Amino acid sequence: MSLLRGEPPASVRSLAELFAIAMALETEAAQRYAALDEQMLAVGQQGVAEVFRHLAAEERGHADHVRDWSCSTTGAAPDPAWIRWQPPETLEEEEARGIASSSLASAYRALSMAVRNEERAFAFWSYVAAQADEPAIQHAAERMAGEELHHAALLRRERRRAFHAERHHARAAPLRPALEAVRAERALAVLLPALADGEMAASAEFRRLVGEAASMAEEATSVADEAEEIPAGEVAPAGNPPRLPEALRLAELALDAYLGAADIARDEVVMRRLQGLAERGIARVVLLRRLSGHV
């Protein structure tokens, strides 16, 4: 997947570990934004520096929230000693360097990066929830994921304001990524029944995924509102006989497409629908990885 550089390498085993990871992610983000604030000031980009200063303060506020939540739930503040593995990065180093070194740095670009960071955090916590063995951990991770989506929605509003303030006149492209998602979902709907027949140990899971692919394709089509541009001949999956890696590839393609479409959506309702599809898509990718032995 392109959203995260890697999935969580293991499940989270306790709430103490979950809060320690959350604190580490929020603290790192605050430090990185603060560093970008200083870099923008050094090159005379006062307006962009203020955006990063605001983002750093927001992340420190999120860290304080995690600390309070941990104390009220476990009786102790987050302890880094509970972290057993390095969490995947949610803040893209290369993108941050590009903004810091660019004469074209703007509030819009800074906020766009921040939105993508929150989306990566959402994906991370969705994986943690899907991998959790205990209901308490699953519910806490789902809450974390929901909060990251909320943060992303707030940042999108700020980004739209920055877009208009900077008087950009370029129109957002049609939701072409949603069309890619439709193609992937339709291909999955063709491929998964054959896998259900061939993988008897997990046939029930595959049959559930068949229905889900059909419903997600229908919803993605309604979001894209361009179904007539999707030739029926383009949906046949590759490979004969069908294989799990192809199903996983299509599921990852659909997920990336949902997130890409959400990133350019100008309508709040459409954005939320796409984010809902992305959340379902993440859970499906996790399941397919488990079934194929990747997790």
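Here the structure is a predicted model, which is why all the values come from computation and not from measurement. The figures here come from the full heavy-atom set of this structure, side chains too, leaving out hydrogens, waters and symmetry mates.
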Item to complete: Could you tell me the separation between the OG atom of S126 and the CE atom of M144, rounded to the nearest 0.5 Å?
Response: 12.5 Å
Worksheet item: Any side-chain heavy atom of T27 within less than 4.5 Å of one from Q31?
Response: yes
Discussion item. What I want to find out is whether R249 reaches E252 closely enough, with some N-O distance under 4.0 Å, to be called a salt bridge.
Written reply: no
Worksheet item: Do L15 and V66 share a hydrophobic cluster (ILVMFWY, side-chain heavy atoms under 4.5 Å, transitive)?
Response: yes
Worksheet item: Do you reckon M40 sits in the same ILVMFWY cluster as M113, going by side-chain contacts under 4.5 Å, direct or chained?
Response: yes
Practice prompt. For the pair T73 (side chain) and S70 (backbone), establish whether a donor and an acceptor sit closer than 3.5 Å, ignoring hydrogens and angles.
Written response: no
Worksheet item: Do S11 side-chain atoms and A132 backbone N/O form a donor-acceptor pair below 3.5 Å?
Response: no
Worksheet item: Hey, any chance L25 and I83 share a hydrophobic cluster, counting ILVMFWY side chains that come within less than 4.5 Å of each other, even indirectly?
Response: yes
Worksheet item: Near R84 CZ, under 6.0 Å, is it more than 12 heavy atoms from other residues, nucleotides or ligands?
Response: yes
Worksheet entry | Residue pair A254 / A181: nearest heavy atoms and the distance that separates them | O-CB, 4.1 Å
Worksheet item: Mind checking what makes side-chain hydrogen bond (donor to acceptor under 3.5 Å, both in side chains) contact with E185, not counting sequence neighbours?
Response: Y258, R284
Practice prompt. For residues R67 and A77, report the shortest heavy-atom separation together with the two atoms involved.
Written response: CG-CB, 4.2 Å
Worksheet entry | Pairwise distance CE(M23) to CD(E28) - rounded to 0.5 angstrom | 13.5 Å
Discussion item. Taking side-chain hydrogen bond (donor to acceptor under 3.5 Å, both in side chains) as the definition, give me every residue that meets it alongside W82, ordered by chain and number, with sequence neighbours left out.
Written reply: none
Discussion item. Please give me the minimum heavy-atom distance between E134 and R13, naming the atom from each residue.
Written reply: OE2-O, 3.9 Å
Worksheet entry | Electrostatic pair E180:R183 at N-O distance under 4.0 angstrom | yes
Worksheet item: Which atom pair, heavy atoms only, marks the closest approach of Y127 to P8?
Response: CB-CD, 3.7 Å
Worksheet item: Are L253 and L255 co-members of a hydrophobic cluster defined by side-chain heavy atoms under 4.5 Å apart?
Response: no
Worksheet item: Is there a side chain to side chain contact (heavy atoms under 4.5 Å, CB included) between W69 and R143 once you walk through the steps?
Response: CA-CA 11 Å; W69 186 6; R143 178 175 162 184; 3.4 Å; yes
Worksheet item: Side-chain heavy atoms under 4.5 angstrom apart, residues restricted to Ile, Leu, Val, Met, Phe, Trp, Tyr: same cluster for M271 and I282?
Response: no
Item to complete: Without swapping roles, check the side chain of S215 against the backbone of E212 for a donor-acceptor pair under 3.5 Å.
Response: yes
Discussion item. Counting C-beta onward and ignoring hydrogens, is there a side-chain heavy-atom pair between E59 and N117 closer than 4.5 Å?
Written reply: no
Discussion item. Could you measure the distance from the CD atom of E158 to the CG atom of L111? Nearest 0.5 Å is fine.
Written reply: 6.5 Å
Worksheet entry | Donor-acceptor contact below 3.5 Å, side chain S222 vs main chain E219 | yes
Practice prompt. State, yes or no, whether a side-chain contact exists between E26 and H65 at a heavy-atom distance under 4.5 Å.
Written response: no
Worksheet item: Can you name the closest pair of heavy atoms from L288 and A247 and give their distance?
Response: CD1-O, 3.8 Å
Worksheet item: Do L18 and W125 come within less than 4.5 Å of each other through their side chains, counting heavy atoms only?
Response: yes
Worksheet entry | Heavy-atom pair with the smallest gap, counting every atom of A152 and V115 | O-CG2, 4.2 Å
Item to complete: Please step through side chain to side chain contact (heavy atoms under 4.5 Å, CB included) for the pair E279 and F122, ending with a clear verdict.
Response: CA-CA 9 Å; E279 188 170 1; F122 158 71; 3.7 Å; yes
Discussion item. Taking the side chain as everything from C-beta on, heavy atoms only, tell me whether E218 gets closer than 4.5 Å to T221.
Written reply: no
Worksheet item: Any side-chain heavy atom of H62 within less than 4.5 Å of one from E58?
Response: yes
Practice prompt. Go through the steps for L209 and L188 under the test side chain to side chain contact (heavy atoms under 4.5 Å, CB included), then give the verdict.
Written response: CA-CA 9 Å; L209 290 176; L188 278 168; over 6 Å; no
